Protein chains: 2
Amino acid sequence: MTSSDFLFDSRPGANPDRSRQRNKKAVLGQINSAGQMGRAAIARSLGLSTQAVSNIIADLEADGLLLERGSHRAGRGLPAVQYAVNPNGGFALGVEIRPDALLTSLVDLSGQPRATGRKVLTDVKPDKIANKVLKLRDQMLRDCSISPDRLLGAGIVMPGPFGATGLSGQASDLPGWQTVDAAALFSDALDRPVVVSNDANAAALAERFGAAQGLTDYAFLYFGAGLGLGIVNRGQLVEGAFGNAGEIGRLPVCIDGKLGPLEQTVSRLSAQSALANHGVLDIDALDHLCRCEDPELMRWLATASDALGQALGVIENLFDPQTVVLGGAMPASILDHLARATPLPKLSVSNRPDASLPRLQRGTAGRMAATFGAAALILNCAFTSQSTTL
Amino acid sequence: MTSSDFLFDSRPGANPDRSRQRNKKAVLGQINSAGQMGRAAIARSLGLSTQAVSNIIADLEADGLLLERGSHRAGRGLPAVQYAVNPNGGFALGVEIRPDALLTSLVDLSGQPRATGRKVLTDVKPDKIANKVLKLRDQMLRDCSISPDRLLGAGIVMPGPFGATGLSGQASDLPGWQTVDAAALFSDALDRPVVVSNDANAAALAERFGAAQGLTDYAFLYFGAGLGLGIVNRGQLVEGAFGNAGEIGRLPVCIDGKLGPLEQTVSRLSAQSALANHGVLDIDALDHLCRCEDPELMRWLATASDALGQALGVIENLFDPQTVVLGGAMPASILDHLARATPLPKLSVSNRPDASLPRLQRGTAGRMAATFGAAALILNCAFTSQSTTL
DNA sequence: TTTAATATTCAAGTAAGTTGAGTTATTAAG
DNA sequence: CTTAATAACTCAACTTACTTGAATATTAAA
């Protein structure tokens with residue numbers, strides 16, 4: 001586990017080395033999504049011999065990635081020694097770059113945030129930001145007394161879309177970043193493996209340690225500057241050819257008989273402008289208004305729920321997820337209200353009588369979902385191995 | 001290559017056997033998508049040693065899956081011996097079940113159709129259909145003088161959605177199939193590996209041998225009874241948690257200031273009802289009307305293009321594909337017209353100045369795309385190995 | 001003609017998973 | 001209480017598939 005790029009060796013060909021790497025990740029991922037497991041159970045689920053799993057577990061334990069967790073008796077036979085992911089086995093740095101601020105997180109191997117950082121941005125030039133990221137990283141590592149070499153890598157999250165597209169040139173994009181190779185920039189600066197994605201995708205992965213634990217197919221609606229969608233299919237992010245999948249903000253919805261973009265109705269900005277006469281509202285203020293059932297906010301919620309219901313129908317029919325999770329920069333109270341009040345479309349493939357999961361629910365990652373999600377991009381690489389054969 | 005279920009051994013764990021199987025598929029897939037390749041080039045693209053590729057190729061050649069294709073000199077050095085997929089190396093059976101008819105295809109390993117079959121259905125009971133499939137299979141094998149043991153497997157395609165959903169109970173679904181395990185039924189009847197999917201997904205895969213050759217991210221709009229969407233992301237079908245992803249028919253679009261489901265405007269049925277006073281029109285009749293620019297058809301095309309443009313925006317922004325392909329049960333002339341006339345939304349992530357592929361194009365699989373696609377489901381298994389770790 | 005570059009094979013070496021026998025711990029039955 | 005059944009786990013030998021490095025062949029450039 002010391003090789004610099006074990007995190008993503010995506011060469012499709014299999015050889016003993018890479019097979020072992022794959023198997024280590026598979027074992028770790030299995031344990032992670034089950035919480036804890038014994039050798040034999042892991043072997044069955046992966047289709048390996050117990051002996052192979054034994055060897056791999058010995059490896060992972062030596063790497064400090066696993067912890068023994070006592071033994072679990074289940075019926076007859078020798079109780080199985082349980083193993084769990086060692087939270088201190090490794091850490092992931094999450095970096096979220098917004099036009100106005102830089103947010104960072106340090107997340108442990110179990111998906112728990114250990115520290116966060118924040119810096120106001122006046123200058124979004126790439127090298128300036130890289131510098132600030134270095135400082136925040138060192139700060140967080142110091143605060144938690146974590147050795148820098150326990151850092152597995154860094155996930156970088158920026159508002160999409162990437163490259164020059166028909167949606168570029170809006171308030172939310174980062175000037176001067178269209179042509180920058182962010183992965184190379186931060187990989188050099190941090191001297192660690194780096195993954196780059198957009199905020200909604202990353203936030204979706206953060207929920208793998210929360211509301212979507214153990215799920216393989218789900219969608220995540222992310223309240224950021226606008227509204228984004230992260231899609232997980234068969235455990236993998238659907239990022240699209242250029243990393244721009246999930247741009248749901250401009251989805252036309254019908255409000256008061258008129259068509260308008262979804263994020264004009266469903267987003268923090270739209271809530272804030274609907275409540276303009278309350279002054280400038282941050283998330284806590286919105287939370288307060290929601291708890292005291294402010295009539296204007298309730299009106300906004302009614303409209304937003306309506307629009308969200310239409311979007312939900314589109315998402316469900318196009319992706320057929322197990323569930324749709326709401327999260328991001330909105331107070332939990334509002335997200336809960338939306339999850340409760342949004343009309344669930346009847347004409348949907350997700351409208352199944354035997355559904356075991358709610359069709360719409362609130363995520364647990366909180367308002368920093370994207371910042372934690374940035375780190376989750378790295379954890380995801382530690383728990384799964386993806387290779388693109390075609 | 002004699003093991004009965006080499007086509008899909010999806011156990012995540014890697015061992016020598018499965019690694020070899022994976023590598024064989026990777027080599028075959030690489031050669032298939034490139035047309036022809038030499039050992040060294042394959043080794044580079046897969047991250048294997050040339051020796052390993054040599055051994056694998058010897059295997060594949062012995063299995064009859066590869067053909068030597070002379071040698072290709074490119075600059076200095078020993079010219080590389082080229083290999084191509086042997087079309088006769090294996091065949092896939094494609095089965096499309098519609099409420100009114102049973103369609104079958106026999107497709108060779110290079111993706112070329114060799115034979116098709118058709119039977120009118122009066123009784124859609126599962127065992128009746130299985131019986132007819134057997135007969136059609138034998139007929140096609142006889143016609144092409146192909147030995148039954150060259151049959152790799154069968155792909156079964158049915159109109160979605162699967163299971164009881166909010167979209168069930170429409171004219172297009174198959175009564176009595178909601179609770180049937182179609183995979184088991186046909187796997188028993190045919191004594192071969194079977195893959196089941198819906199028509200649009202399968203049709204999308206058929207284009208891997210046509211308009212989407214070499215592409216890893218594309219969407220396919222399928223004209224069947226209604227309108228379906230097949231999505232390929234990173235070379236893999238996005239099927240959703242229950243296999244029902246891509247139900248785009250009910251997507252609301254705005255026509256003449258009113259919202260209606262997409263397939264009410266964009267589908268063969270809608271074209272036929274728009275031209276009702278011409279009598280009952282089959283595909284050839286539609287083709288004729290299109291070629292002589294029938295004014296009523298032109299009016300329908302204008303409306304359909306408008307609606308299609310709206311749908312295109314949604315598809316592009318949600319999936320960010322390299323291209324969107326049109327196909328299915330519509331004459332090429334109409335699909336071409338649509339591909340040409342559909343307004344390409346400006347506010348789209350696919351609206352990029354540096355795009356190298358057309359955003360919308362007609363597929364090449366023709367009106368039997370889904371029937372061929374059913375077979376492509378099997379070919380896909382022969383060329384790629386997918387494992388679900390999580 | 002010589003040199004460099006590239007593809008390919010051969011033979012030996014290595015890493016990883018498998019197999020089958022044997023050990024240990026727990027439950028269930030006699 | 002004893003014995004049998006069951007399941008997890010380890011040990012040691014075995015098998016498979018990939019890698020490595022040397023050798024050879026063929027082409028283009030110097």
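Only a predicted model underlies this, so the values are computations on that prediction, with no experimental measurement involved. All heavy atoms count here, side chains included; hydrogens, waters and symmetry mates do not.
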Between C/dT8 (C1') and B/His72 (NE2): distance, integer Å: 17 Å
Applying a 4.0 Å non-hydrogen cut-off, can you work out what A/Asn55 is touching in the nucleic acid: base, sugar-phosphate, or nothing? nothing
Rounded off to whole Å, could you give me the CD-to-P distance for the A/Gln36 and D/dA8 pair? 15 Å
How do B/Val81 and A/Arg76 order along DNA chain C: which one's closest nucleotide is nearer the 5' end? B/Val81
Side-chain donor/acceptor contact of A/Gln51 with base of D/dC9 under 3.5 Å: no
If you assign B/Pro16 and A/Ala41 each to the DNA chain D nucleotide with the nearest heavy atom, which residue ends up on the more 5' nucleotide? A/Ala41
So, does B/Gln36 use its side chain to make a donor-acceptor pair with the main chain of B/Ile31 at under 3.5 Å? no
Whole angstrom value for the distance that separates P of C/dG13 from CG of A/Asp17: 19 Å
So do the side chains of A/Pro113 and A/Ser105 get within less than 4.5 Å of each other, counting heavy atoms only? no
Is A/Asn23 close enough to C/dG17 that one of its side-chain N or O atoms is under 4.0 Å from OP1 or OP2 there? yes
Among D/dT19, C/dG17, C/dA7, find the nucleotide with the atom closest to the side chain of B/Ala80. C/dA7
Protein-nucleotide distance (A/Arg18, atom CZ; D/dA17, atom P), rounded to Å: 17 Å
Could you work out which one of D/dT10, C/dT8, C/dA28 sits closest to the side chain of A/Ser54? D/dT10
Evaluate the side-chain proximity of B/Phe209 to B/Leu379: yes if any heavy-atom separation is below 4.5 Å, no if none is. yes
Exactly one of B/Leu151, B/Leu152, B/Leu7 clears side chain to side chain contact (heavy atoms under 4.5 Å, CB included) with B/Pro193, and that residue is B/Leu7
Over all strands shown, is A/Ala74 touching base, sugar-phosphate only, or nothing at heavy-atom distances under 4.0 angstrom? nothing
Under 4.0 Å, counting only non-hydrogen atoms across every strand here, what does A/Arg44 touch: a base, just sugar-phosphate, or nothing? sugar-phosphate
Does B/Ile42 reach a base, just sugar-phosphate, or nothing at all? Heavy atoms under 4.0 Å. nothing
Which nucleotide sits closest to the side chain of A/Leu48: C/dG17, D/dT27, C/dA15? C/dG17
Describe the nucleic acid contact of B/Ser49 in one word from base, sugar-phosphate, nothing, applying a heavy-atom distance below 4.0 Å. base
Once you round it to whole Å, what is the distance between P of D/dT16 and CG of A/Asn15? 19 Å
Between D/dT6, C/dA25, D/dC18, which nucleotide gets closest to the side-chain atoms of A/Pro79? C/dA25
Quick one: does B/Pro87's side chain get under 4.5 Å of B/Leu109's, heavy atoms only? no
Tell me the closest heavy-atom pair linking B/Phe8 and B/Lys25, and the distance in Å. N-NZ, 4.2 Å
Nearest-nucleotide comparison on DNA chain D, the residue closer to the 5′ end among A/Gly38 and B/Leu78: A/Gly38
Round to the nearest Å and state the distance from B/Ile56 atom CD1 to D/dA17 atom C1'. 9 Å
Round to a whole Å and report the spacing from CZ of B/Arg22 to C1' of C/dA16. 16 Å
What's the CZ-P distance between A/Arg20 and C/dG17, to the nearest Å? 5 Å
